[in-house]
Peer 1: 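My structure is below; once you've seen it, I'll send some questions.
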2 protein chains.
Amino acid sequence: MTRRPTIRDVAKAAGTSVGSVSRVLNGGPYASSELHNKVMRAVAKLGYEPDVVAQSMRLKSTKTIACLLADIANPLYAEIVNAAEERLQKEGYVFVLSTTRNDEERELAMISMVRRRRMDGMIVMASDETRKDVNTALAEAAVPVVLIDREVPAKYDAVYVDHRGGAIDAMRYLIGLGHKRVALLLPSEHVRPGRERAAGYRQALTEAGIAVDPELIRPQKTSVHFSYADIEKLLQGPHPPTAIIVLGTRMLAGVMKTVSTRNLRIPEDLSLISIGDTDLTRFASPPITVVRWDLAELGRAAADLLIEQLNGVKRERPQHISLPTEFIIRGSCAPPKKPGAKRP
Amino acid sequence: MTRRPTIRDVAKAAGTSVGSVSRVLNGGPYASSELHNKVMRAVAKLGYEPDVVAQSMRLKSTKTIACLLADIANPLYAEIVNAAEERLQKEGYVFVLSTTRNDEERELAMISMVRRRRMDGMIVMASDETRKDVNTALAEAAVPVVLIDREVPAKYDAVYVDHRGGAIDAMRYLIGLGHKRVALLLPSEHVRPGRERAAGYRQALTEAGIAVDPELIRPQKTSVHFSYADIEKLLQGPHPPTAIIVLGTRMLAGVMKTVSTRNLRIPEDLSLISIGDTDLTRFASPPITVVRWDLAELGRAAADLLIEQLNGVKRERPQHISLPTEFIIRGSCAPPKKPGAKRP
DNA sequence: TTGTATGCGTTATCAG
DNA sequence: CTGATAACGCATACAA
């Protein structure tokens with residue numbers, strides 16, 4: 001009574017065998033329409049639903065995808081994840097989100113979970129690219145993997161954002177406005193976005209014939225909470241920047257705090273450029289000029305790449321998809337108040 | 001070679017039987033230390049990891065919890081989910097997040113997934129409480145359920161936030177400042193938070209001897225995107241409100257848009273109160289006065305309730321936990337510029 | 001204390 | 001076209 005009906009119950013009720021029931025339900029062909037009807041009637045009557053666990057056992061596929069990301073509360077990640085989930089779900093996969101908090105132990109634990117639970121694949125947008133253990137664990141998991149904005153390990157399919165181009169756009173704009181000392185706040189250079197953004201920053205500066213002051217490039221240790229002290233130090237130094245590019249969603253909150261604490265006016269005292277079309281950047285006053293990109297597309301592209309692998313499509317070499325950025329000018333930038341630091 | 005080792009391989013390598021291996025790995029007792037060593041050595045040598053799917057098959061528990069929520073991109077939800085996941089993970093459960101986008105079809109699909117995948121329980125913070133089909137599906141799923149901020153179906157454990165108290169705090173404050181016409185923007189009254197907030201709003205007004213103008217209570221159809229037109233209409237009417245309480249995270253973005261479009265000054269032209277300690281409310285200028293509550297605690301409490309049920313703790317009646325709100329005064333409220341609408 | 005055998009619910013193979 | 005049966009990998013009741 002309380003027990004869920006099994007395929008055997010259906011077979012009995014339909015007066016046939018389990019094999020036939022299974023075939024009617026899955027195989028499609030090889031089933032007389034009479035049998036088909038009998039089976040379907042029994043299924044409806046008993047409210048039978050196949051047991052996915054038993055199917056997984058038999059088929060060696062759990063139809064489950066894991067997604068490793070550092071932090072679900074980051075609105076940028078949320079949109080990517082949503083889009084990826086939607087796509088995968090349409091293909092019958094269940095999407096398991098795992099937040100690693102950028103903790104290596106947790107990453108390893110997640111990867112082990114993928115193996116032990118026989119999950120079918122993973123989308124990874126967490127982790128420092130230099131973590132050897134994570135990389136080998138990934139390889140040992142022996143499942144299809146798609147990386148988002150990571151280029152290590154190189155053997156996997158990946159979806160990239162053209163952060164370098166975005167940084168160049170931002171810098172050219174600022175340089176055009178007359179800025180010469182621009183601070184760059186980044187996530188770690190141990191991940192692709194940080195590296196690419198720093199590269200773009202340097203490239204634009206070099207193009208304009210401005211020397212790169214390494215002091216102005218500030219990779220932030222913790223990506224989640226901006227180290228408030230760091231920017232304070234910068235602003236109190238002898239040659240404070242006239243503009244700041246904040247290429248991390250969460251860091252922006254920290255910068256905003258500094259701005260209001262020190263009663264700085266934007267853009268008169270300081271120009272600001274950030275990333276992402278978030279509520280914070282759009283409804284700040286003034287609204288903040290940003291580099292943005294299509295987050296949903298990023299998620300979809302990753303899912304599509306994974307689905308291809310899941311469907312057994314073999315390629316010579318890993319696929320890489322690169323998405324462009326867009327530069328949205330709002331009200332947070334103006335020419336510098338006074339000329340930049342003295343130069344010879 | 002490429003095949004994963006099974007318990008049988010371990011038994012062979014250890015020169016014992018599958019039963020013993022299984023006992024050493026799980027049972028704990030009944031294992032001579034010599035056997036224990038042999039088995040562990042074999043496990044290490046082969047890199048054996050138990051197959052969770054097979055275990056689920058046998059034990060009829062997948063150690064998996066589903067979490068239904070409307071929208072992962074909402075930063076308030078994100079924090080709740082994070083806290084719940086952390087707790088559940090510690091107990092060995094995997095947490096499957098499913099976004100329903102407030103779509104009944106999707107909710108039903110998710111619940112069906114829980115059944116077919118033999119998941120062990122669910123945390124629900126989605127759905128209109130009046131959806132009959134969802135409620136019956138929930139009951140038929142026949143698994144432990146914990147509701148977050150929903151009181152229907154009444155048979156389940158639930159964690160509540162004292163939204164009524166929060167609304168009262170906000171209204172008393174505004175009334176104390178001299179406001180008489182306060183608009184209330186709400187999610188649907190078909191969910192508990194909407195109902196409670198409206199009740200608190202009315203109660204505070206009644207206490208102060210101010211008549212409730214039903215025109216000022218505006219439940220928003222779509223909770224994700226604020227209907228911009230609605231607030232516009234309100235502000236252009238004959239008796240515009242002098243203050244607005246925006247009790248929905250996402251709606252606030254819409255209100256902010258109106259504010260900047262119409263060049264309204266806050267708090268001089270309009271007082272504003274919202275919810276949640278988000279980047280948007282904290283770093284707006286002026287920072288916005290809000291009603292907040294402990295999101296992480298909400299998630300943890302829900303997880304704890306669920307774990308209790310999972311562990312087979314039986315209670316006479318469903319457990320209900322209620323969390324208080326906190327009123328944080330920032331700079332978005334001031335006395336009304338001119339007296340409220342004329343009164344007899 | 002340890003080994004053997006059974007069954008969990010499916011799908012797929014193989015005769016009929 | 002259909003029915004019986006053998007795995008899938010594990011935990012456990014029971015026998016030794």
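Side chains are part of it too, since the values below use all heavy atoms of this structure and drop only hydrogens, waters and symmetry mates. Quick note on labels: first sequence line is chain A, next is B, and so on, each numbered from 1.
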Peer 1: Mark yes or no for whether Ser112(B), through its side chain, and Leu108(B), through its backbone, hold a donor-acceptor pair below 3.5 Å.
Peer 2: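 No; judged by distance alone, with no hydrogens or angles, the pair does not exist.
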Peer 1: Is there a donor-acceptor pair closer than 3.5 Å between any side-chain N or O of Arg4(B) and the backbone N or O of Arg115(A)?
Peer 2: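 Looks like yes, one N/O pair under 3.5 Å.
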Peer 1: Verify the contact: side-chain N or O of Ser17(B) to OP1 or OP2 of dG3(C), cut-off strictly under 4.0 Å; return yes or no.
Peer 2: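 For dG3(C), OP1/OP2 do have a side-chain N/O of Ser17(B) under 4.0 Å.
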Peer 1: Look only at the side chain of Asp9(A) and the backbone of Thr6(A), and say whether a donor-acceptor pair between them is shorter than 3.5 Å.
Peer 2: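 Yes, the answer is positive, given that a donor and an acceptor are paired below the 3.5 Å cut-off.
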Peer 1: Is a donor on one side and an acceptor on the other found under 3.5 Å between the side chain of Gln89(A) and the backbone of Phe95(A)?
Peer 2: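 Here the side-chain-to-backbone pair does not exist.
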Peer 1: Quick one: Arg118(B) CZ to dC8(C) C1', roughly how many Å, whole number?
Peer 2: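 To the nearest whole Å, that distance equals 8 Å.
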Peer 1: Kindly give the atom pairs (protein nitrogen or oxygen, nucleotide nitrogen or oxygen) under 3.5 Å for nucleotides 12-16 of chain C.
Peer 2:
unit_1: dA12(C); atom_1: O4'; unit_2: Arg58(A); atom_2: NH2; d: 3.3

Peer 1: Give the rounded distance in Å between these two atoms: NZ of Lys38(A) and P of dC1(D).
Peer 2: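 One finds 15 Å between P of dC1(D) and NZ of Lys38(A), rounded.
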Peer 1: Round to a whole Å and report the spacing from CG of Leu25(B) to P of dT12(D).
Peer 2: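 Atom-to-atom, Leu25(B) to dT12(D), this comes out as 12 Å.
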Peer 1: Can any side-chain N or O of Asp149(A) pair as donor or acceptor with the backbone N or O of Val161(A) at less than 3.5 Å?
Peer 2: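 Between the backbone of Val161(A) and the side chain of Asp149(A) there is a qualifying donor-acceptor contact (under 3.5 Å).
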Peer 1: If you measure from the Lys or Arg side-chain nitrogens to the Asp or Glu carboxylate oxygens, is any gap between Glu151(A) and Arg192(A) under 4.0 Å?
Peer 2: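 The answer is yes: the pair qualifies as a salt bridge.
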Peer 1: Distance check needed: dC1(D) P versus His36(A) NE2, whole Å only.
Peer 2: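 Whole-Å distance recorded here is 14 Å.
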Peer 1: Tell me: CZ of Arg116(A) to P of dC10(D), nearest whole Å?
Peer 2: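 Those two atoms, CZ and P, are 12 Å apart.
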Peer 1: Base, sugar-phosphate alone, or nothing: which one does Ser56(B) contact when heavy atoms must sit under 4.0 Å apart?
Peer 2: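 The residue Ser56(B) makes no contact with any strand.
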Peer 1: Whole angstroms only, please: what is the CE-P distance between Met57(B) and dG9(D)?
Peer 2: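 Distance, rounded to whole Å: 12 Å.
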Peer 1: OP1 or OP2 of dA7(D) sitting under 4.0 Å from any side-chain N/O of Lys60(A)?
Peer 2: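 The answer is no; no side-chain N or O of Lys60(A) sits under 4.0 Å from OP1 or OP2.
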Peer 1: Under the ring-ring contact (aromatic ring centres under 6.0 Å, His included) definition, can you give me all pairs with a residue in residues 298-320 of chain B, not counting sequence neighbours?
Peer 2: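 ring-ring contact (aromatic ring centres under 6.0 Å, His included) check on residues 298-320 of chain B returns Tyr160(B)-His320(B).
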Peer 1: Please give, in whole Å, the distance from dG3(C) P to Arg8(B) CZ?
Peer 2: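 Computing the Arg8(B):CZ to dG3(C):P distance gives 15 Å.
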Peer 1: Please give, in whole Å, the distance from dC10(D) P to Arg117(A) CZ?
Peer 2: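 One finds 15 Å between P of dC10(D) and CZ of Arg117(A), rounded.
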